Protein chains: 2
Amino acid sequence: MQLNRLVIFYKTIGDPTRLRIMKMLSEGPLHGQAIAGKLGLTPATITHHLKRLREVNAVYERRDGNTIYFYLNGSVIKHYAKSLINLAEQDEVKKDMTDVMAERQKVIENFFTTDGRLKNIPAQRKKKLIVLEHMLKGLQKGKKYEEKELNEYIKKFHDDYATIRREFIINNYMYRENGIYELNPEEMWTKIE
Amino acid sequence: MQLNRLVIFYKTIGDPTRLRIMKMLSEGPLHGQAIAGKLGLTPATITHHLKRLREVNAVYERRDGNTIYFYLNGSVIKHYAKSLINLAEQDEVKKDMTDVMAERQKVIENFFTTDGRLKNIPAQRKKKLIVLEHMLKGLQKGKKYEEKELNEYIKKFHDDYATIRREFIINNYMYRENGIYELNPEEMWTKIE
DNA sequence: CACCTAATTAGATATTTATCTAATTTCGGT
DNA sequence: ACCGAAATTAGATAAATATCTAATTAGGTG
């Protein structure tokens, strides 16, 4: 459920230590020991908090040797913030959709073959999102997908399923938990400006 | 401290019952009994959550007879959300300030007499904020003000101290706790577009 | 292989807090 | 001045969780 995701995210954020970590990471990646040192806490404690932050995709990590660098995941955080802003705005804004739709259609025609395969992943962010959303249309809301199942689905469009699957997560279209994937509610998707 | 405010706000938001209340209030004001009914919880429990939400100014209330209607305080919520977005954006954007300053100066000259009194409170939001910020300059960061003390300060500018004091809170320039007022860090202020 | 450092896991403790029931307060109407 | 409805307060209980120490796992390097 959508509300539930927000709850978990904000509960995670609403902790002094975790917010301090996020603040530190906003100035650049750090590894666990460094964080522990700066905060005067035990590595075990940092592991605990990073686990929490990872669970909501507020951070991601990159391994270098046996030290792991943690990065702030700005886009996910921004999306949660935006869904808070939506909540705070009681008025419903309806925009004119016709032009937007025409533009989307053109992008889809350019990037997909007539038999529905993706020619290549657009480099331009805006077009990439349109393409991703097009592929997402075949997935069911609320359904839980095994990673393998999702890979198979994506392969119908393009061989590089790993990249595309990652894009689904990065742009907040999907949510991963214990290797199980699920569509996010649309309010949480990365929006095209 | 700034981080601390954020922590308290997000901890408050990060609770299923409170987020559900906020969601309900986003569709219009409600009184306590109504909220309790819809959520299947005790009035005492609702009081508890509303107290929390009030502490961070996420809601405000209006009394009608002896029933109290609660409203969502959209602007405060949006400001916290924006400060999250700031955190998520690692790049620092510097803008050209010279034009902006000239405009502010003009507004201040128009709305204040030569001996520094406020002629009247601007109706236009943008100008109002400039005027409010001008008055705020005489307050000290980190200092805690009694309500009476703050009233006296505002009276130096204008007799209607109650309205102005309220504007300080609504626009997130100041923070109130147990009748004590304090300046918010500037990152949290209402920003002029 | 032996060793070192980083990270994680497991288990224990102490603090926080959401919720309830019961008592109390607040306000308007009769 | 009294009564009823709405809200708050007080106190109790149960659940969640931040942190620590100690043990374990992972990855590299001499």
Side-chain angles (χ1 to χ4, degrees), chain A residues 3-25 28-56 58-72 177-179, chain B residues 3-25 28-56 58-72 177-179:
Chain A
L3 253 192
N4 206 32
R5 289 279 163 65
L6 282 187
V7 171
I8 294 173
F9 178 82
Y10 286 117
K11 179 178 294 189
T12 302
I13 296 287
D15 173 273
T17 304
R18 287 193 284 266
L19 252 197
R20 289 176 74 194
I21 292 175
M22 290 170 66
K23 181 87 179 166
M24 287 165 54
L25 293 185
L30 289 172
H31 57 227
Q33 302 284 337
I35 298 172
K38 292 196 183 204
L39 295 182
L41 293 172
T42 285
T45 302
I46 301 306
T47 293
H48 168 245
H49 289 297
L50 287 173
K51 184 196 264 181
R52 282 282 150 81
L53 289 171
R54 253 183 321 211
E55 281 168 0
V56 297
V59 304
Y60 60 93
E61 58 196 80
R62 243 180 250 308
R63 183 154 214 144
D64 176 23
N66 76 354
T67 117
I68 298 175
Y69 287 87
F70 295 91
Y71 295 72
L72 199 64
E177 193 168 49
N178 306 328
Chain B
L3 253 192
N4 207 31
R5 289 277 163 65
L6 285 187
V7 171
I8 295 173
F9 179 82
Y10 291 120
K11 180 177 294 188
T12 302
I13 295 288
D15 173 273
T17 304
R18 286 192 285 266
L19 253 196
R20 290 177 72 195
I21 292 175
M22 289 170 66
K23 180 88 179 165
M24 287 165 54
L25 293 185
L30 290 171
H31 57 119
Q33 302 284 337
I35 298 173
K38 293 196 182 202
L39 295 182
L41 293 172
T42 286
T45 302
I46 301 305
T47 293
H48 168 244
H49 289 298
L50 287 173
K51 185 196 262 181
R52 283 281 151 83
L53 289 171
R54 253 182 322 211
E55 281 169 359
V56 297
V59 303
Y60 60 93
E61 59 195 80
R62 242 180 250 308
R63 184 155 214 143
D64 175 23
N66 77 353
T67 119
I68 298 176
Y69 287 87
F70 295 91
Y71 295 73
L72 198 65
E177 192 168 51
N178 305 328

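Nothing here was measured: the structure is a model prediction, and the numbers come from that model. Order of the sequence lines fixes the chain letters, A, B, ..., with proteins taken first and strands second; residue numbering starts at 1 for each chain.
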Please report the distance, rounded to the nearest Å, between OH in B/Tyr69 and P in C/dC27.
16 Å
Over all atoms of both residues, closest heavy-atom pair of [X] and [Y]:
X	Y	answer
A/Gly32	A/Ile46	O-CG2, 4.1 Å
A/Gln33	A/Pro43	OE1-CG, 4.0 Å
A/Thr17	A/Leu39	CG2-CD1, 4.0 Å

Reported NE2-to-CG distance for the pair B/His49 and B/Leu41, which is rounded to 0.5 angstrom:
6.5 Å
If you restrict it to nitrogen or oxygen atoms, what contacts under 3.5 Å exist between nucleotides 28-30 of chain C and the protein, and what is each distance?
none

Among residues at least two apart in sequence or on other chains, which ones pass salt bridge (charged side-chain N to carboxylate O under 4.0 Å, His left out) with A/Arg18?
none
With nearest nucleotide decided by heavy atoms, which residue, A/Thr67 or A/Lys51, maps closer to the 5′ end of DNA chain C?
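Its nearest nucleotide lies further toward 5', so the answer is A/Thr67.
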For B/Arg20, report the nucleic acid contact type (base, sugar-phosphate, nothing); a contact means any heavy atom under 4.0 Å.
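No contact.
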Using a 4.0 Å heavy-atom cut-off, does B/Thr47 contact any base of the nucleic acid, only the sugar-phosphate backbone, or nothing at all?
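Base: the residue B/Thr47, judged by heavy atoms under 4.0 Å, touches a nucleobase.
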Distances under 3.5 Å between protein N/O atoms and the N/O atoms of nucleotides 14-19 of chain C, please, pair by pair.
residue : atom : partner : partner atom : Å
C/dA18  : OP1  : B/Arg18 : NH2          : 3.2
C/dA18  : OP2  : B/Arg18 : NH1          : 3.2
C/dA18  : OP2  : B/His48 : NE2          : 3.4
C/dA18  : OP2  : B/Arg52 : NH1          : 3.0
C/dT19  : OP1  : B/Thr17 : OG1          : 3.0
C/dT19  : OP2  : B/Thr17 : OG1          : 3.4
C/dT19  : OP2  : B/His49 : NE2          : 2.1

Is the shortest side-chain heavy-atom distance between A/Glu55 and A/Thr12 below 4.5 Å?
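No, their side chains stay 4.5 Å or more apart.
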Mind checking ring-ring contact (aromatic ring centres under 6.0 Å, His included) for B/Tyr10 and listing every partner two or more places apart, or none if nothing turns up?
A/Tyr10
In terms of the angle between their ring planes, are A/His31 and A/Tyr69 parallel, tilted or perpendicular, with boundaries placed at 30° and 60°?
tilted
With a 4.0 Å cut-off (strictly under) to non-hydrogen atoms of chain A, the first and last hit nts on DNA chain D, 5' to 3', are D/dT17 to D/dG28
Applying the side chain to side chain contact (heavy atoms under 4.5 Å, CB included) criterion to B/Ile21, which one of B/Leu30, B/Ile35, B/Asp15 satisfies it?
B/Ile35
Residues that B/Glu61 engages under side chain to side chain donor-acceptor pair (under 3.5 Å), provided they are two or more places apart
B/Arg54
